[in-house]
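Notes follow the structure.
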Amino acid sequence: MKTIKLIATFIALFTIGFLNAQEQKEQQLEQKELSKSAYYQKRAKEDAKFEQQYEAKSKKDEKQFGKNKKPTKKS
């Protein structure tokens, strides 16, 4: 009887440890996704600020800036 309880205890501890490890891995992935999202939000704000403060020296520069902003079609 003691052997069965001992085996059941080891299985329970192993299962709990495994589940805990899985949950920590999930949390790390979520944190990574959040940091990636935060990075792109920060870059978007910086780009928007630059675009708002940009002053072209000539019409040619202004057209070139506008052309470079437009997304290109990927084939």
Side-chain angles (χ1 to χ4, degrees):
M1 196 65 169
K2 286 184 180 180
T3 308
I4 294 173
K5 286 183 182 179
L6 185 61
I7 292 172
T9 303
F10 281 132
I11 291 173
L13 289 175
F14 177 76
T15 304
I16 291 170
F18 181 75
L19 293 175
N20 189 26
Q22 288 292 96
E23 189 171 327
Q24 285 180 350
K25 189 175 181 180
E26 265 185 37
Q27 288 175 349
Q28 287 175 344
L29 287 174
E30 286 177 13
Q31 188 65 26
K32 185 177 180 181
E33 287 297 319
L34 287 175
S35 64
K36 198 176 197 180
S37 175
Y39 168 78
Y40 286 113
Q41 287 178 346
K42 180 182 174 190
R43 286 299 314 252
K45 286 180 183 178
E46 290 172 357
D47 289 348
K49 183 178 179 182
F50 174 78
E51 289 176 9
Q52 289 172 351
Q53 293 176 347
Y54 179 78
E55 290 183 28
K57 295 177 183 170
S58 67
K59 286 284 186 185
K60 183 179 178 183
D61 288 345
E62 190 174 323
K63 280 187 176 183
Q64 189 65 32
F65 181 76
K67 190 182 285 186
N68 289 340
K69 271 187 7 177
K70 293 180 184 175
T72 58
K73 292 183 181 179
K74 295 182 182 178
S75 299

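Along the sequence shown, residues are numbered consecutively beginning with 1.
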- Task: Could you pull out all residues at least two apart from Phe50 that satisfy side-chain contact (heavy atoms from CB on, under 4.5 Å)?
- Result: Tyr54, Phe65
- From Phe14 atom CZ to Phe18 atom CZ, the distance as rounded to the nearest 0.5 Å: 7.0 Å
- Can you sort out the partners of Glu46 under salt bridge (Lys or Arg N to Asp or Glu O under 4.0 Å), two or more places apart, ordered by chain and number? Arg43
- Measure the spacing between CD of Glu23 and CD of Glu26 and express it to the nearest 0.5 Å. 7.0 Å
- Given Ile7, which of Ile4, Ile11, Thr9 fulfils the side-chain contact (heavy atoms from CB on, under 4.5 Å) condition? Ile11
- Item | Nearest-0.5 Å distance that lies between atom CD in Gln31 and atom CD in Gln28 | 9.5 Å
